Amino acid sequence: MGHKEVPVTQLRKQMLEELQRRNYSQTTVNSYLKIVESFAKHFGRSPDQLGPEQIRTYQVYLLNERKLGVRTVGHCTAALRFFFCKTLKRAYPIEEVPYPKAPRRLPIILTREEVVRLIDSASNLFHRAMLITLYSTGMRRAELCRLKVEDIDSTRC
């Protein structure tokens, strides 16, 4: 008899609680849960019965067979690291299971003419104002969506 297996549903509940306690976004919560589930399915075992060797094997599988990008595999690694460290409270050998190194990409810089064409392509004044704001401030789309009138210091213009 010996080792009693914890049902996946209980592990899922534990991981969900750990993610929620840390106020992770719902997108991250869903993604991390799905990644751990896929990891367990890949080996046909409960994820608490797996460890660093399986994570290494899984990383190679994701990169070589599934042809996923290094950033995606890095995200999967982060989810598995969270599961083992925060949910199971196990030591995680960072040196043995590293994040894949992502190549540094330089941003694409638009020419002055391309910027003018982009802004002029806006279908209305609202969209034009959004494009001009994004381009002139360098803020992210999500930041623009949360921008409020009181956030703008019109005295600095």
Side-chain angles (χ1 to χ4, degrees), residues 1-110 114-115 118 127 129-153 156:
M1 294 269 156
H3 176 261
K4 187 178 180 216
E5 185 176 318
V6 180
V8 174
T9 54
Q10 181 59 31
L11 284 174
R12 182 182 177 89
K13 183 176 178 282
Q14 277 179 259
M15 186 171 176
L16 177 61
E17 287 170 358
E18 290 300 322
L19 289 160
Q20 289 171 337
R21 279 182 347 117
R22 289 167 174 79
N23 199 27
Y24 277 54
S25 76
Q26 193 57 52
T27 304
T28 302
V29 169
N30 295 341
S31 173
Y32 274 27
L33 291 171
K34 189 174 188 313
I35 288 165
V36 173
E37 183 183 333
S38 297
F39 174 66
K41 276 185 184 170
H42 179 77
F43 291 100
R45 289 164 55 197
S46 179
D48 63 330
Q49 297 175 359
L50 303 170
E53 185 56 45
Q54 287 81 21
I55 296 172
R56 282 195 297 276
T57 304
Y58 194 60
Q59 284 178 318
V60 171
Y61 161 75
L62 293 175
L63 288 164
N64 296 343
E65 292 181 43
R66 295 270 320 274
K67 304 285 188 217
L68 297 180
V70 290
R71 282 182 168 70
T72 304
V73 175
H75 182 68
C76 293
T77 304
L80 295 171
R81 184 175 179 182
F82 182 93
F83 175 72
F84 285 98
C85 292
K86 307 300 182 196
T87 305
L88 297 180
K89 313 270 191 274
R90 282 190 199 163
Y92 183 91
I94 295 169
E95 320 77 46
E96 293 177 43
V97 190
Y99 288 99
K101 186 174 180 285
R104 287 189 51 88
R105 292 187 311 221
L106 293 174
I108 297 169
I109 308 297
L110 300 177
E114 289 171 325
V115 172
L118 177 66
H127 292 155
M130 286 194 306
L131 287 171
I132 290 170
T133 304
L134 282 171
Y135 187 75
S136 62
T137 63
M139 69 173 55
R140 294 182 170 102
R141 179 199 50 81
E143 294 169 322
L144 178 72
C145 291
R146 290 188 207 97
L147 192 63
K148 294 180 181 75
V149 173
E150 55 267 21
D151 296 332
I152 300 169
D153 182 2
R156 288 185 54 194

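Everything quoted here is computed from the prediction, not taken from an experiment. Note: hydrogens, waters and symmetry copies are ignored here, and every other heavy atom, side chains too, is used.
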Spell out, as yes or no, whether a donor-acceptor pair under 3.5 Å connects the side chain of [X] to the backbone of [Y].
X: Ser46; Y: Gln49; result: no
X: Thr72; Y: Leu68; result: no
X: Ser31; Y: Thr27; result: no

Using a 4.5 Å cut-off on heavy atoms from C-beta on, say whether the side chain of [Y] contacts that of [X].
X: Lys101; Y: Val70; answer: no
X: Arg45; Y: Gln54; answer: yes
X: His75; Y: Ile35; answer: yes
X: Phe84; Y: Asp48; answer: no
X: His42; Y: Ser38; answer: no
X: Leu118; Y: Tyr135; answer: no

Of the non-hydrogen atoms in [X] and [Y], which two are nearest, and what is the gap between them?
X: Tyr99; Y: Arg81; answer: CE1-NH1, 3.3 Å
X: Val115; Y: Leu110; answer: CG2-CB, 3.7 Å
X: Ala78; Y: Tyr32; answer: CB-OH, 3.4 Å
X: Leu50; Y: Ala40; answer: CD1-CA, 4.2 Å
X: Ala79; Y: Val36; answer: O-CG2, 4.1 Å
X: Thr77; Y: Pro98; answer: CG2-O, 4.1 Å

Check your understanding: Within a reach of under 6.0 Å around CZ of Arg22, are more than 12 heavy atoms found that belong to other residues, nucleotides or ligands?
Key -> yes

**Study point:** Over 12 non-hydrogen atoms of neighbours within 6.0 angstrom of CG in Asp151
**Key:** yes

Out of curiosity, [X] [atom1] to [Y] [atom2], how far, rounded to the nearest 0.5 Å?
X: Met15; Y: Leu33; atom1: CE; atom2: CG; result: 5.5 Å
X: Leu80; Y: Thr87; atom1: CG; atom2: OG1; result: 10.5 Å
X: Ile132; Y: Met130; atom1: CD1; atom2: CE; result: 11.5 Å

Review point. Ion pair present between Lys34 and Glu37, side-chain N to carboxylate O less than 4.0 angstrom?
Key: no

Check your understanding: Thinking salt bridges, do Glu18 and Lys89 make one under a 4.0 Å N-O criterion?
Key -> yes

Review point. So, for Phe82 and Tyr24, is the gap between ring centers shorter than 6.0 Å?
Key: yes

Review point. Can Tyr58 and Leu62 be said to form a side chain to side chain contact (heavy atoms under 4.5 Å, CB included), step by step?
Key: CA-CA 6 Å; Tyr58 194 60; Leu62 293 175; 3.6 Å; yes

Practice item. Give the C-alpha distance, both sets of side-chain angles, the deciding distance and a yes or no for side chain to side chain contact (heavy atoms under 4.5 Å, CB included) between Gln26 and Val29. Key: CA-CA 5 Å; Gln26 193 57 52; Val29 169; 3.9 Å; yes

Result block: side-chain N/O donor-acceptor pairs under 3.5 angstrom for residues 141-149, not counting sequence neighbours:
unit_1, atom_1, unit_2, atom_2, d
Glu143, OE1, Arg140, N, 2.6
Arg146, NH1, Ala142, O, 3.4

